[in-house]
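Heads up, the thing below is written out as structure tokens.
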Amino acid sequence: MYDPEQIEKKWQDKWEQAKIFEADPIANKEKIFMTSPYPYASGPSHIGHGRSFINGDVFARYYRAKGYNVLYPMAFHITGTPVLAISSSIERNDKETIERMEEYVSLHTADREQVKRLVESFVEPWNIVNYFSDTYKNDFKALGMSLDWRREFTTGDKLYNKLIEWQFHKLFDEGYLEKGEYPILYCPQCGNAVGEDDISSGDELNLDINEYTCIKFPFEDAYLVPSTLRPETIYGATNLWMNPTGTYVYARVNGDIWVISEEATILLKNQNKDIEILEKFKGIDLIGKKVKSIDGARDLLILPGDFVDTSVATGVVYSVPAHAPYDYVALLDLQKNDATMKEFKLNSEEIKKIEPIQIIDLLDFEDFPAKVYCEKYDVHTQTDFEKLDKATAENYKVEFYSGVLNDKCGKYKGMKVNEAVVKVIDDLIEDEKADKIFLPVTKDLKCKCGKEILVSILRDQWFLNFNAGDWKQKALKCLSNMNIVPTKYRMNFEHVFNWLEKRPCARKRGLGTQLPFDDNWIIESLSDSTIYMSFYTIIHLIKKNNLTPEQLMPAFFDYVLLNVGNIKNLSNETKIKEIVLKQIQQEFEYWYPVDHRHTAIMHISNHLSFYIFHHVAIFPEKHWPKIVSLMEPVIIEGQKMGKSKGNVISISNIISNYSADLFRFYISHSGDFGISVDWREKQIQIVKNHILRFYNFISENTVKLIKIEGKIENIKTKYANIVLSKCTKKFVEAEIGLKNLNIRKYLQLSFYEVFNIIQDFNRYCEDANDILEVYKIIFPNWVKLLSLTMPHLCEELWEMMGNTEFLSTVIWDDFNKDYINNDIESEFDYISDVIADILNIQKIVSSTNLSKFYLYTAPSWKYEVSKIITSKEGNFKKIIDECKQIPDFIKNPNLIPFVKNQIKNRKWEKDIINLNEKNLLEEYKGYIEKKINSSIIINSDYDPKKRSPKALPNKPAIYLET
RNA sequence: GCGGGAAUUGCCAAGUUUGGUCAAAGGCGCUGGACUCAGAAUCCAGUCUCGUAGGAGUCCGGGGGUUCGAAUCCCCCUUUCCGCACCA
């Protein structure tokens with residue numbers, strides 16, 4: 001009886017007691033260092049983590065089985081804001097967060113009171129981290145992961161911080177770090193930068209920031225300052241729009257006097273501007289007045305625009321009716337509306353004279369774009385917001401990518417719009433004719449505290465500059481020497497590398513490591529997880545020797561990780577014994593580099609690229625990464641897995657509803673790395689049956705094998721030898737699959753294909769003893785191979801076979817190639833072909849089971865002619881010439897039709913195997929008859945339908961008598 | 001938009017690097033049969049179309065092309081998924 005729960009617990013305990021996955025350096029033994037990225041400990045583990053670590057585990061187990069000393073460790077990532085966000089939500093008594101956390105905690109804790117207490121304790125961030133890292137550990141142990149848990153840590157540990165400090169010293173020394181300005185989302189109430197986790201519905205909204213250009217139009221003694229996302233259209237400005245009911249101010253901004261909306265002053269204040277409000281007034285007061293255009297050449301009227309939102313940017317816009325559908329329609333509206341013009345005391349003649357100025361040319365456009373798109377989307381008035389938004393979007397997209405500035409644009413003439421934008425901004429700012437203002441792309445972004453989010457500008461943001469020095473060249477060099485599996489993802493890396501420029505690498509808040517030379521900053525969470533694999537190699541020794549964070553000074557890591565510095569001095573300085581330093585250093589040297597890292601493709605453009613960049617920045621070439629294998633994500637019943645969808649399946653769920661071996665098998669087999677694994681409940685149940693069938697089959701037969709020797713010499717029938725040969729081949733191929741890091745192929749071959757051969761064998765082999773002899777030989781290898789995926793079940797079967805050592809520690813021999821016999825296999829293939837032909841005929845004539853099949857093998861001359869055909873590569877004339885040499889052949893009336901038929905079917909391309917067909921058919925008579933459920937008669941003289949002349953080499957003629 | 005994937009016979013999914021052995025593995029589903037009181041499970045056979053003879057026809061997103069020969073190579077198109085920088 002297969003009881004996965006009991007079996008899995010049993011072997012997990014045994015492995016743990018025996019410490020078989022705790023890896024220490026062994027002199028002269030080759031090592032493999034295998035990793036998957038540490039998970040984030042702010043929630044429970046789910047099947048996506050499962051896929052990554054199970055794949056990794058299959059590899060780790062395979063490497064171990066091939067005789068390598070394998071280190072497969074894991075740790076926990078806690079850096080950044082998510083954990084803090086949970087704590088502050090709990091503190092705030094946020095219902096949603098509390099419910100979610102209670103749900104998470106309930107996965108491992110049944111008692112309601114206990115759950116409540118635990119969640120309450122989450123106000124303290126470390127309680128979250130500790131709780132979830134423990135559940136991860138439980139879950140992963142319950143999946144049979146062959147991890148070395150002695151090396152576990154979190155990225156918030158003081159010891160870990162020391163490594164990261166050292167890393168940033170190194171990057172700084174290399175000149176890869178620099179400072180600059182940077183806009184961020186900011187909550188004025190919390191006084192903090194905010195991210196996805198701090199923002200209401202932050203995971204669903206667009207959290208990008210728009211950069212508006214504020215253009216200073218000279219106006220009386222001040223500037224009227226509209227803002228725009230499209231400063232390149234400045235030459236097409238015809239007028240300005242202000243909201244007549246909006247509140248505006250005269251304000252001193254960094255020395256100048258600006259006319260802007262009142263709300264804008266708050267934004268600017270947060271963006272490092274000195275602001276002093278001088279005077280408030282209503283928009284209507286300026287309607288009808290004029291400003292000078294930027295080049296001073298024209299006067300632009302200030303006109304009333306109800307659509308102008310004073311809370312957006314500066315609350316003033318300039319109008320480009322030729323290229324902005326909103327402006328175009330607003331202008332038309334006004335020109336038609338005498339009442340409004342009268343109301344604002346505008347000169348209607350003057351307004352009616354305003355004409356759109358086209359400054360961007362597009363191929364195949366009959367009219368200016370704003371008009372074209374307004375017509376396309378059937379826009380009638382400025383209140384058709386929906387249509388106008390669509391028109392604007394398309395207008396912008398087309399102009400941005402295909403538009404060229406025309407001769408009205410001065411020195412920008414001929415530039416493409418997407419290039420001109422950048423240039424115009426730079427020039428205007430250079431000339432002090434413009435400034436910038438930043439806004440969130442999404443309106444009304446709210447912090448979870450309730451306050452509206454603004455954009456603030458950091459002055460001294462630290463960046464990693466990937467273009468500095470030869471950093472990128474080194475990274476590309478590393479990449480070109482790496483093995484990327486599946487290969488189709490390599491292009492992706494190359495592109496990312498070329499595209500990487502600068503990345504902010506520190507933040508104002510969050511858990512993590514302080515920037516060592518600027519303690520206002522916390523190192524950003526993707527930058528502190530790039531070379532941490534090196535920490536796995538030494539952390540257990542650091543802990544064992546009770547080293548303190550203070551002892552892990554930069555010189556310590558210089559020595560351990562780079563083998564730089566004098567050990568005596570270091571020992572004096574750090575108060576660490578030389579022998580300990582030496583040991584730590586040697587352990588690092590032994591395990592490094594990371595041989596194989598396995599993770600999801602989504603990490604290509606960030607983590608994995610940084611992994612490579614930081615390694616090449618800090619380590620010598622011999623310690624650069626070697627293999628990266630990648631997998632697509634796990635989806636649920638065809639749907640993307642996600643918190644908001646509520647379809648996340650946790651590992652603890654898997655363990656209680658299924659079993660580790662089943663999960664491991666399913667996740668490994670249901671798709672190659674390059675496709676998403678679809679978790680489908682119905683399929684799981686089916687696979688469960690397959691595994692059960694396998695277990696029962698092996699365990700039931702194993703009982704019968706006690707007295708069986710398992711020697712090929714004891715095997716009497718050819719069929720048994722063939723099965724042995726075929727299975728051995730499958731094993732060899734399966735292992736090639738593993739070598740190529742193709743787990744699915746390995747499983748397909750070793751599980752399904754071998755099982756199919758064996759089951760057929762079990763059914764049709766007539767020699768009961770042969771069956772057992774073959775089983776005795778095959779089973780141990782079979783179970784070994786499958787133990788990578790189903791370690792518990794296979795350990796159990798292995799033990800059942802009388803073995804005392806762990807299967808997980810057995811080093812595999814090569815599969816015995818002596819069992820492979822291609823000759824008898826091709827004989828068997830011949831028999832299989834004959835059977836297929838007979839079954840086909842049976843099907844067509846729908847014969848009864850009582851019928852008889854007469855088989856007639858081809859005469860020897862056809863074999864000889866076939867050889868001639870092959871040697872002449874199907875050249876008819878040459879073949880006949882050759883046949884003419886032999887009178888018997890050329891006299892034979894069947895010769896020409898035979899030759900023509902063989903040529904037509906391009907038979908010369910395949911070798912005709914020389915078989916004694918008659919003997920073979922006799923030999924396999926019983927097998928054939930059992931398979932076709934009819935009797936056969938071989939080479940009888942009885943041939944009423946004259947079928948025998950149809951016989952071809954390796955293809956006997958068949959006559960069916962019903 | 002940029003960049004990278006993907007599209008296979010009812011479904012899932014191999015095959016594409018290295019063209020022929022591909023009507024295309026395997027699993028599922030479906031149909032028929034065995035077993036069973038019955039169901040589940042298990043086992044057998046079939047499952048593109050036509051065919052009372054092992055054959056023929058059509059097929060691998062669409063359209064062209066290269067080749068004696070294309071799921072596989074080249075070009076164009078369509079659809080779809082993923083990433084696009086401070087969330088990790």
Side-chain angles (χ1 to χ4, degrees), chain A residues 37 39-40 42 77-82 85 182-185 193 195-199 202-203 207-209 397-398 400-402 418 461 463 486-496 498-507 510 524-527 529 600-607 609-610 632-633 635 638 640 669-672 674-678 680 682-683 685-687 689-690 692-693 696 742 744-745 747-749 751-753 755-756 759 762-763 833-834 836-847 874 906 909-910 931 933 945 947 950 955-960 962:
Chain A
Y40 203 85
S42 64
H77 197 200
I78 69 164
T79 312
T81 50
Y182 195 70
I184 51 156
L185 295 177
E196 191 177 298
D197 298 294
D198 311 300
I199 297 168
D203 51 341
L207 300 183
D208 289 338
I209 292 172
K397 195 198 251 179
V398 170
F400 188 79
Y401 292 105
S402 327
N418 52 7
Q461 174 68 51
F463 290 90
T487 48
K488 69 180 182 186
Y489 296 117
R490 180 179 287 279
M491 284 295 279
N492 229 320
F493 274 95
E494 282 175 16
H495 179 259
V496 169
N498 287 322
W499 158 85
L500 280 171
E501 284 179 17
K502 281 186 189 178
R503 181 185 171 82
C505 61
R507 312 190 58 191
E524 178 268 336
S525 47
L526 282 173
S527 305
S529 50
I601 51 162
M602 65 173 292
H603 290 136
I604 292 174
S605 64
N606 44 61
H607 166 70
S609 292
F610 303 153
E632 298 269 338
I635 57 177
K640 212 166 147 180
H669 182 260
S670 62
D672 276 340
I675 66 159
S676 304
V677 159
D678 194 356
R680 289 188 299 175
K682 221 171 144 193
Q683 288 297 317
Q685 295 306 328
I686 289 154
V687 172
N689 288 331
H690 295 165
L692 179 67
R693 202 196 313 169
N696 289 341
N742 189 334
R744 185 180 194 275
K745 191 168 204 170
L747 262 187
Q748 176 66 21
L749 288 157
F751 187 82
Y752 286 104
E753 297 196 11
F755 209 179
N756 285 347
Q759 281 182 311
N762 195 42
R763 197 172 311 124
D833 287 347
V834 171
D837 279 349
I838 292 173
L839 288 175
N840 194 11
I841 292 168
Q842 232 172 26
K843 188 184 80 184
I844 294 160
V845 303
S846 15
S847 77
R906 303 178 77 84
E909 288 174 349
K910 283 176 228 165
K931 274 245 167 186
N933 210 3
K945 287 273 174 80
R947 299 278 183 203
K950 290 193 164 191
K955 194 172 177 67
I958 298 167
Y959 169 61
L960 165 61
T962 46

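From a predicted model like this one, the values you see are computed outputs, not experimental measurements. Just so it is clear: chains get the letters A, B, ... in the order the sequence lines come, proteins before strands, and each one is counted from 1.
For A/His690, taking side-chain heavy atoms from C-beta onward, the closest of the listed nucleotides B/A88, B/C28, B/G54 is B/C28. For A/Pro82, taking side-chain heavy atoms from C-beta onward, the closest of the listed nucleotides B/C28, B/C87, B/G4 is B/C87. Set against B/G54, B/G26, B/G4, the side chain of A/Asn756 has B/G26 as its closest nucleotide. Ranking B/A88, B/A53, B/A85 by closeness to the A/Trp499 side chain, first place goes to B/A85.
Across all strands shown, A/Ile958 has heavy atoms under 4.0 Å from base atoms, whether or not it also approaches the sugar-phosphate. Within 4.0 Å (heavy atoms only), A/Gln461 reaches no atom of the nucleic acid at all. Among the protein residues, A/Arg744 comes within range of the nucleic acid bases, having at least one heavy atom under 4.0 Å from a base atom. A/Lys640 comes within 4.0 angstrom of sugar-phosphate atoms only, judged by non-hydrogen atoms across all strands, and of no base. Counting any heavy atom pair closer than 4.0 Å across all strands shown, A/His669 reaches no nucleic acid atom. Using a 4.0 Å heavy-atom distance criterion, A/Ala957 is classed as a base contact. No engagement by A/His603 is indicated, since no non-hydrogen atom pair under 4.0 Å with the nucleic acid exists. Residue contacts shown for A/Leu500 include a base, since a base heavy atom lies under 4.0 Å away. As judged by a 4.0 angstrom heavy-atom cut-off over every strand, A/Tyr489 is placed among residues making no nucleic acid contact. Base engagement by A/Asp837 is indicated by at least one non-hydrogen atom pair under 4.0 Å involving a base atom. If you check every strand for non-hydrogen atoms under 4.0 Å, A/Gln683 touches sugar and phosphate atoms only. At a threshold of 4.0 angstrom between heavy atoms, the contacts of A/Ser529 with the nucleic acid are absent. Here A/Pro37 lies out of heavy-atom contact (under 4.0 Å) with every strand. Nucleic acid contact class of A/Lys945 (heavy atoms, under 4.0 Å, all strands): none.
Checking A/Ala506 against A/Glu753, the closest nucleotide of RNA chain B that is more toward the 5' end is the one next to A/Glu753.
B/A85 is unpaired under the Watson-Crick or G-U wobble criterion, no partner having all donor-acceptor distances under 3.5 Å. Pair assignment for B/U72 gives none, since no Watson-Crick or G-U wobble pairing has each distance under 3.5 Å. In a base pair of the Watson-Crick type (N1 to N3 plus N6-O4 or O6-N4) or a G-U wobble (N1-O2 and O6-N3), with each distance short of 3.5 Å, B/A24 is matched with no nucleotide. Checking B/C35 for Watson-Crick or G-U wobble geometry (two distances, each under 3.5 Å) identifies no partner in any strand. Taking a pair to require two hydrogen-bonding distances under 3.5 Å in either a Watson-Crick or a G-U wobble arrangement, B/U79 pairs with B/A6. In this structure B/U58 sits in no base pair that meets the Watson-Crick or G-U test at under 3.5 Å.
Regarding contacts with the backbone of B/A25, every side-chain N or O of A/Gln748 stays at 4.0 angstrom or more from both OP1 and OP2. Proximity of A/Thr81 to the phosphate of B/A88: a side-chain N or O atom is located under 4.0 Å from OP1 or OP2. In this model, the phosphate group of B/C84 is not approached by any side-chain N or O of A/Ser605 to a distance below 4.0 Å at OP1 or OP2. A/Lys682 has no side-chain polar atom (N or O) that falls below the 4.0 Å cut-off from OP1 or OP2 of B/G29. When the side-chain nitrogen and oxygen atoms of A/Arg693 are compared with OP1 and OP2 of B/C43, one or more of them lie within a distance under 4.0 Å.
Taking atom P on both nucleotides, B/A13 is separated from B/A88 by 33 Å, rounded to a whole Å. When the P atom is used for both B/G3 and B/C77, the distance is 14 Å, rounded to whole Å. Rounded to whole Å, the P atom of B/C76 lies 37 Å from the corresponding atom of B/G26. Across B/C12 and B/G61, the matching P atoms stand 14 Å from one another, rounded to whole Å. One P atom belongs to B/A24, the other to B/U47, and the distance between them is 10 Å to the nearest Å. For the P atoms, the distance linking B/U58 with B/C50 amounts to 15 Å, nearest Å. A gap of 37 Å separates the P atoms of B/U42 and B/C59, to the nearest Å. Taking atom C1' in both B/A25 and B/G15, the straight-line distance is 8 Å, to the nearest Å.
Contact check for A/His77 versus A/Ser525: side-chain heavy atoms found under the 4.5 Å cut-off.
Checked for salt-bridge contact, A/Asp837 and A/Lys955 meet the test: a charged N lies under 4.0 Å from a carboxylate O.
For A/Ile675 and B/G4, the CD1 to C1' distance is 17 Å, given to the nearest whole Å. Counting to the nearest Å, the P atom of B/C84 and the NE2 atom of A/His495 are 13 Å from each other. What separates NZ of A/Lys488 from P of B/G3 is a distance of 19 Å, to the nearest Å. Taking atom NZ of A/Lys955 as the reference point, atom P of B/G54 lies 9 Å away to the nearest angstrom. A/Tyr752 has its OH atom 12 Å from the C1' atom of B/A13, to the nearest Å. We find that CZ of A/Phe610 is positioned 15 Å from P of B/G83, with the value rounded to whole Å. In this structure, CG of A/Asp672 is placed 10 Å from P of B/A13, rounded to the nearest angstrom. In this entry the distance linking CD of A/Glu632 with C1' of B/C81 reads 8 Å, nearest Å.
Across all their heavy atoms, A/Ser609 and A/Leu500 have their closest contact at CB-CD1, 4.2 Å.
Between A/Tyr752 and A/His690, the side chains place a donor N or O and an acceptor N or O closer than 3.5 Å (distance only, hydrogens not considered).
The aromatic rings of A/His607 and A/His603 sit perpendicular, their planes meeting at an angle over 60°, well past the 30° parallel limit.
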